There are 2 protein chains.
Amino acid sequence: MPWELKSDRPIYTQLIEQIELMIFSGVYPLGSKLPSVRDMAQEAAVNPNTMQKALVKLEEDGLIITHRTSGRSITEDARMVEMAKTKLAQEQISDFLEKMQLMGFEQKEILTIIDNMVKEMKK
Amino acid sequence: MPWELKSDRPIYTQLIEQIELMIFSGVYPLGSKLPSVRDMAQEAAVNPNTMQKALVKLEEDGLIITHRTSGRSITEDARMVEMAKTKLAQEQISDFLEKMQLMGFEQKEILTIIDNMVKEMKK
DNA sequence: ATTATTGTATTAACAGCTTAATACAATAAT
DNA sequence: ATTATTGTATTAAGCTGTTAATACAATAAT
């Protein structure tokens, strides 16, 4: 998964989101060790300070543990990860539904549209 | 519809999005006159320059027409509005589905979740 | 013990967004 | 004709995000 960074939003927030996704989807398994700030920064082609900022936030959220001089690792608390994942999913869904309704789509319409798109993707 | 402006993204982009929604949903009907930049800025509690920036972009996209000294109005080209609306909707849906899949949800799961949420909303 | 690697902190510079205060140009309203 | 309203442009200031270059502190590796 290449790092996809656009310029329309702060980079560090995008880093946070993408690292979250990698945790949720198991790219970084529970308890696994993360690369160093410098390595992750280089891989994402951003400044170490920017990556640092993202990692600090993820630590505040409890998804990442910092071991002062031996790097960082993903938390081993599966419940915490699951909760964060569920919360994000619900936000995604409600934001999406709200916006579609603001655009004037009926709930029934929305379901139909998604249904069709999912069928398309299965092909 | 109160203006909802967060500080995590440029305000002018949020203004663009919200005005688009108002056009798509008919709050501003086709051909109708928009308030002046100054009035809209005051209503949204932003600087006139910021509102101006958003309106200029909407004009570039063809959704708004500028009448040099007598204000702006929504385009009367229903086809153009419909196309912009469809394009936005498709972006919303594909972004949403992509993110849910990155989080590790199966397509079937996603449909079920949305189905349930829509049923919830109907109550 | 020494070295390398880790996270962390600091300072400076630059760019973009936002606000503020004006000013100008065109024209609708009077 | 005059006035008011419209969009537009300019300049300055402040803030945040980003990069860059360094330095420090703690400790794992040797």
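As the structure is a prediction and not an experimental result, all values here were calculated from the model. Chain letters run A, B, ... following the sequence lines, proteins first, then strands; residues in each count from 1.
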**Q** Which residues satisfy the salt bridge (charged side-chain N to carboxylate O under 4.0 Å, His left out) test with B:E109, sequence neighbours excluded?
**A**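 By the salt bridge (charged side-chain N to carboxylate O under 4.0 Å, His left out) rule, B:E109 matches no residue at all.
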
**Q** Which residues within residues 29-40 of chain B lie with some heavy atom under 4.0 Å of an atom in DNA chain C?
**A**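 Those residues are B:R38.
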
**Q** So, using side-chain hydrogen bond (donor to acceptor under 3.5 Å, both in side chains) as the criterion, who are the partners of B:D77 when residues are at least two apart?
**A**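 So B:D77 forms no side-chain hydrogen bond (donor to acceptor under 3.5 Å, both in side chains) with any residue.
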
**Q** Which dot-bracket string fits DNA chain D when only Watson-Crick or G-U wobble pairs with both atom distances under 3.5 Å count, crossing pairs get [ ], and | stands for a partner on a different strand?
**A** ||||||||||||||||||||||||||||||

**Q** Let me check something: any side-chain donor-acceptor pairs from residues 78-87 of chain A under 3.5 Å, sequence neighbours excluded? List them with distances.
**A**
unit_1, atom_1, unit_2, atom_2, d
A:K85, NZ, B:M103, O, 3.3
A:T86, OG1, A:E82, O, 2.9

**Q** Expressed in angstrom and rounded to an integer, what is the separation of A:R72 atom CZ from C:dT5 atom C1'?
**A** 14 Å

**Q** List, one per line, each side-chain donor-acceptor pair under 3.5 Å for residues 21-42 of chain A, sequence neighbours excluded.
**A**
unit_1, atom_1, unit_2, atom_2, d
A:S25, OG, A:L21, O, 2.8
A:S32, OG, A:P29, O, 2.6
A:S36, OG, A:D39, N, 3.1

**Q** Pair up each side-chain donor or acceptor in residues 44-52 of chain A with any protein partner under 3.5 Å, not counting sequence neighbours, and list the distances.
**A**
unit_1, atom_1, unit_2, atom_2, d
A:N47, OD1, A:N49, N, 2.8
A:N47, OD1, A:N49, ND2, 3.3

**Q** Which parts of residues 57-68 of chain B get close to DNA chain D, meaning a heavy atom less than 4.0 angstrom away?
**A**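 Per residue number, the list reads B:T66, B:R68.
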
**Q** Can you check whether A:L88 reaches A:E91 side chain to side chain, under 4.5 Å on heavy atoms?
**A** yes

**Q** Partners of B:D95 by side-chain hydrogen bond (donor to acceptor under 3.5 Å, both in side chains), sequence neighbours excluded?
**A**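 side-chain hydrogen bond (donor to acceptor under 3.5 Å, both in side chains) check on B:D95 returns nothing, list empty.
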
**Q** Would you mind listing every side chain to side chain donor-acceptor pair (under 3.5 Å) that reaches into residues 6-16 of chain B, with sequence neighbours excluded?
**A** B:R9-B:E17

**Q** Can you check side chain to side chain contact (heavy atoms under 4.5 Å, CB included) on A:I93 and B:M100, steps first, answer last?
**A** CA-CA 9 Å; A:I93 296 170; B:M100 290 295 282; 4.1 Å; yes

**Q** Strictly below 4.0 Å, heavy-atom distances to any atom of DNA chain D: list the hits from residues 46-55 of chain B, or just say none.
**A**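 Those residues whose heavy atoms fall under 4.0 Å from DNA chain D, taken from residues 46-55 of chain B in numerical order, are B:N49, B:Q52.
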
**Q** Could you check whether any side-chain heavy atom of A:I19 comes within less than 4.5 Å of a side-chain heavy atom of A:L55, counting everything from C-beta outward?
**A** yes

**Q** Looking at residues at least two apart in the chain, or sitting in another chain, which of them share a side-chain hydrogen bond (donor to acceptor under 3.5 Å, both in side chains) with B:S73?
**A** B:H67

**Q** Using a 3.5 Å distance criterion without hydrogens, assess whether the side chain of B:Q92 forms a donor-acceptor pair with backbone atoms of A:F96.
**A**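 No, the answer is negative, given that no donor and acceptor are paired below the 3.5 Å cut-off.
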
**Q** How close do B:A54 and B:L15 get, counting heavy atoms only, and between which atoms?
**A** CB-CB, 3.7 Å

**Q** Judged by each residue's nearest nucleotide on DNA chain D, which is more toward the 5′ side, A:S70 or A:R9?
**A**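 This one resolves to A:R9.
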
**Q** Specify the separation, in whole Å, of atom CG of B:L5 and atom P of C:dC17.
**A** 16 Å

